[in-house]
Structure formats: structure tokens, C-alpha cells
Amino acid sequence: AYRSGNHGVSHKCGHDGHMAVLCGVAKMLGKQGPVTGKVVLLFQPAEETGEGAPAVVADERFLKLAPDYVFGFHNLPREPLHSVCVRNGTFASASEGFRIQLTGAFSHSSYPEHGKSPAAAVARLLAELPALPDKVSNSDELLMLTLTQALLGEKGPKMDFGVAPGVAEICGTVRAHQQAELEGLKAALTNLTEQVSEAEALDWELSWHEAFPATVSHDEAMVILRDAASEAGMELKELAEPMRWSEDFSHYLQRWPGAFFGLGSGVDQPQLHNEYYDFPDALIPSGVQIYLSLVAAINGLTGESDQSQA
């Protein structure tokens, strides 16, 4: 009933479920408000591109709210349904996308020597880029580079066998648990791109996109979160290592005390962004419950929670 209005197109991450949770929290707070202070429910857009949180943080209307604590969550496939997944310190990795553009010169495919093909440069970069993290890593923590797209030549409406390529493009993502290591990997990527391009006499351009700082929770807020989960009778799951993916919630945590946590969406649930992923509706009351417990711990509530109404 809630499928996308565009056939074959949907965003398989559960953000619709997250919004449903927050609507449930709003409904319950309408019946039993905080004893002291305010509770702000933020329905933030544009998380996937990393543009949402920075825009909110830069908005004077939000800055005037001056929150004492900020709490965010994401559903976690492959974790027990309803479990509250926590971790002190870094919860989600820092990441940034890159785009390498190489420019040579086109030629007829029967006379490739009269042009300047980036094919050799692409082949070398595709082989050497994934090995960069092992070369520059200074610790045992996560440092990785994932190639996501590669294009040699121009993509037209049909295959063209008569043109030797004059341009190329490589895209990917770098990730790290520590921001300093991410910066080291970015520098190494830049150096390698420059070396390969100059060796092949190509013009090159490297651009960075969708930067996400590491999501690092505050110790004080983690104490509140753990106590709230226990008070609500919810299972606590300690994560051994940070998630590899990134969260723009990191921008709030750089400015205000708070914590980010996961809600297990089922051990058999496909991974996020998998075509068969489906946010479980059964998780909505659990999300409402943990947030009401957080409000009760920090602000107090005017009445007993009734989850059957959520």
C-alpha cells in the first residue's frame, strides 16, 4: 500500500519508517507532553546527499532552539528486531565521494595513435586505487576505497565502434573511522591521479562530493541512552565496531551533545539499498518507545506511556 508512485523506483533505506516513528512520537507527546523544557522533532530532508544536516545547522531558526541534547537513529538490518544497537565513540564512519575526469583527444578508431586515449590511465587507476588504503593506513581501523562507476569514452544513444576515446571518468568513495586517516587517503588518491595522468599526458580534474564527518556520540548522552533503553525493557546490543556507512547526523554531534544509535530491523532483513529491503512496520512502536523513554529521562512526561496507541 505504501509502494513508490514511480514504478520500479524507490529508496531502500528505511527513511520512510524513520519518519513514521517520529510521527508516532509526536502523536504520543500530544497526549503526554514533557514536564519541563521542549522536545523538538526534526523531519530533516536530504540525508543521502549530505546536504540536509549542514543546512539545518546553518539555519538561524534551528540555532535559536539551542538543544541540550540531540538523538538520532537508523534501522540496522542483520541485527535482532527491536534491539537498541549502541556504541561509545564513533558509531558511523566518515566518508567522501570522488570523481576523476581525464581528458585526452578523440580520434577515429582506425587511427588511435592520432588521438590521446585515457584507456591506459583508466586501467592503471582501476587496478591501483583499491590498494591505496593498505599503503597509507596507520592503524587497524577501517580505511577503504570503493569504486562505484567507470566510463571510458562518451556514452551515446548507441554503441559507437568508430571512435577511439578521448575522455574518461572514474567515481568512488573513501571511508574511514578516523577523519585524519580519511584525509591521508584523499591526499594519496590525489597524488596517484596526478602521477598517472601526467605519465599519459592527460589533463585531469579531481572533485570531491557528499562529505560526511564521522558520527561520534558523546559519553554523557550514551549514559542517558543506555539507561532509557533499559528502563523501557529493550534489548541493548553493543556493536563491536562502527558502521561502515556514514550519517549527516554527525554535523549535529559536532555542535551539540548527543548520541546516534541503531534499531535492529531483523537478522534476516536484506542490507540497506538492496532491492528487496523493506522497513518492518513492527519496528515503529519500538522506535516510538525508545524516544519516549529518552524524553522521560531528560524532561519527564506528564503521564504513563501507552504503546498500544502509538
Side-chain angles (χ1 to χ4, degrees), residues 1-4 10-29 31-32 39 41-44 47-48 70-93 142 215 217 221-250 253 258-298 301 304-310:
Y2 52 87
R3 72 178 61 182
S4 172
S10 64
H11 183 60
K12 298 290 191 171
C13 206
H15 296 171
D16 50 349
H18 301 164
M19 297 298 99
V21 166
L22 213 53
C23 286
V25 175
K27 180 178 179 181
M28 295 304 295
L29 289 179
K31 298 177 180 178
Q32 44 171 114
V39 178
L41 305 180
L42 176 62
F43 294 83
Q44 181 215 290
E47 181 272 337
E48 287 291 351
V70 290
F71 292 92
F73 85 99
H74 203 292
N75 76 95
L76 295 187
R78 310 299 175 89
E79 298 293 348
L81 187 64
H82 308 301
S83 61
V84 180
C85 304
V86 296
R87 190 179 191 279
N88 277 19
T90 302
F91 184 92
S93 304
L142 176 76
T215 303
S217 297
M222 286 301 300
V223 172
I224 297 173
L225 174 60
R226 283 188 168 89
D227 289 346
S230 297
E231 187 70 22
M234 302 180 72
E235 175 189 356
L236 272 173
K237 174 71 183 295
E238 298 285 342
L239 298 178
E241 59 184 26
M243 306 305 299
R244 292 184 182 181
W245 42 254
S246 304
E247 258 295 335
D248 70 349
F249 195 82
S250 55
L253 294 175
F260 196 82
F261 61 97
L263 283 179
S265 55
V267 294
D268 297 324
Q269 178 73 258
Q271 187 53 264
L272 301 174
H273 296 186
N274 179 284
E275 60 184 310
Y276 295 106
Y277 168 88
D278 186 17
F279 184 92
D281 289 354
L283 191 58
I284 295 174
S286 296
V288 173
Q289 182 178 351
I290 186 61
Y291 271 104
L292 290 179
S293 296
L294 285 168
V295 173
I298 298 171
L301 284 173
E304 289 295 320
S305 173
D306 182 2
Q307 281 302 116
S308 65
Q309 300 180 52

Counting only heavy atoms not in E231, do more than 12 sit closer than 6.0 Å to its CD atom?
-> no
Is V84 close to F73 at the side-chain level, that is, under 4.5 Å between some pair of heavy atoms?
-> no
Could you give me the CA-CA distance, side-chain angles and deciding distance for L283 and V21, then say whether side chain to side chain contact (heavy atoms under 4.5 Å, CB included) is met?
-> CA-CA 8 Å; L283 191 58; V21 166; over 6 Å; no
Could you tell me whether the side chain of S246 and the main chain of S93 form a donor-acceptor pair under 3.5 Å?
-> yes
Taking C-beta and beyond as the side chain, do V39 and Y291 meet within less than 4.5 Å on heavy atoms?
-> no
Are the side chains of L301 and L29 in touch, meaning some heavy atoms are under 4.5 Å apart?
-> yes
Nearest 0.5 Å, what's the CG-CZ distance between L272 and F279?
-> 11.0 Å
Closest approach of Y276 to Q269 (non-hydrogen atoms, all atoms of both residues) | O-OE1, 4.5 Å
Atom pair NE2/OH of H11 and Y277 - distance to nearest 0.5 Å | 9.0 Å
Between S4 and S10, what is the shortest heavy-atom contact and its length?
-> CB-CB, 4.1 Å
Can you tell me how far the SG atom of C85 sits from the NE2 atom of H74, to the nearest 0.5 Å?
-> 12.5 Å
Mind checking whether P242 and L142 have side chains closer than 4.5 Å, heavy atoms only?
-> no
State, yes or no, whether a side-chain contact exists between L76 and M243 at a heavy-atom distance under 4.5 Å.
-> yes
Chi angles and distances behind the side chain to side chain contact (heavy atoms under 4.5 Å, CB included) call for S250, F260 = CA-CA 9 Å; S250 55; F260 196 82; over 6 Å; no
Are any of the side-chain heavy atoms of E47 and E247 separated by less than 4.5 Å?
-> yes
Looking only at heavy atoms, what is the nearest atom pair of S217 and A259, with distance?
-> OG-CA, 3.4 Å
Close side-chain approach of N75 to H18, heavy-atom, < 4.5 Å | yes
Between Q44 and D248, is any side-chain donor less than 3.5 angstrom from a side-chain acceptor?
-> yes
How long is the span from the CD1 atom in I298 to the CG atom in D227, to the nearest 0.5 Å?
-> 11.0 Å
Measure the spacing between CG of L263 and CD of E79 and express it to the nearest 0.5 Å.
-> 11.0 Å
What distance do F91 atom CZ and W245 atom CH2 have between them, rounded to the nearest 0.5 Å?
-> 5.0 Å
Looking at P80 and V267, what are the two nearest heavy atoms and their distance?
-> N-CG1, 3.8 Å
Hey, does M222 have a side-chain heavy atom less than 4.5 Å from the side chain of R87?
-> no
Heavy atoms only: give me the nearest L253-G258 pair and the separation to one decimal.
-> CD2-C, 3.3 Å
For A229 and L236, the nearest pair of non-hydrogen atoms, with its separation, is CB-CD2, 3.9 Å
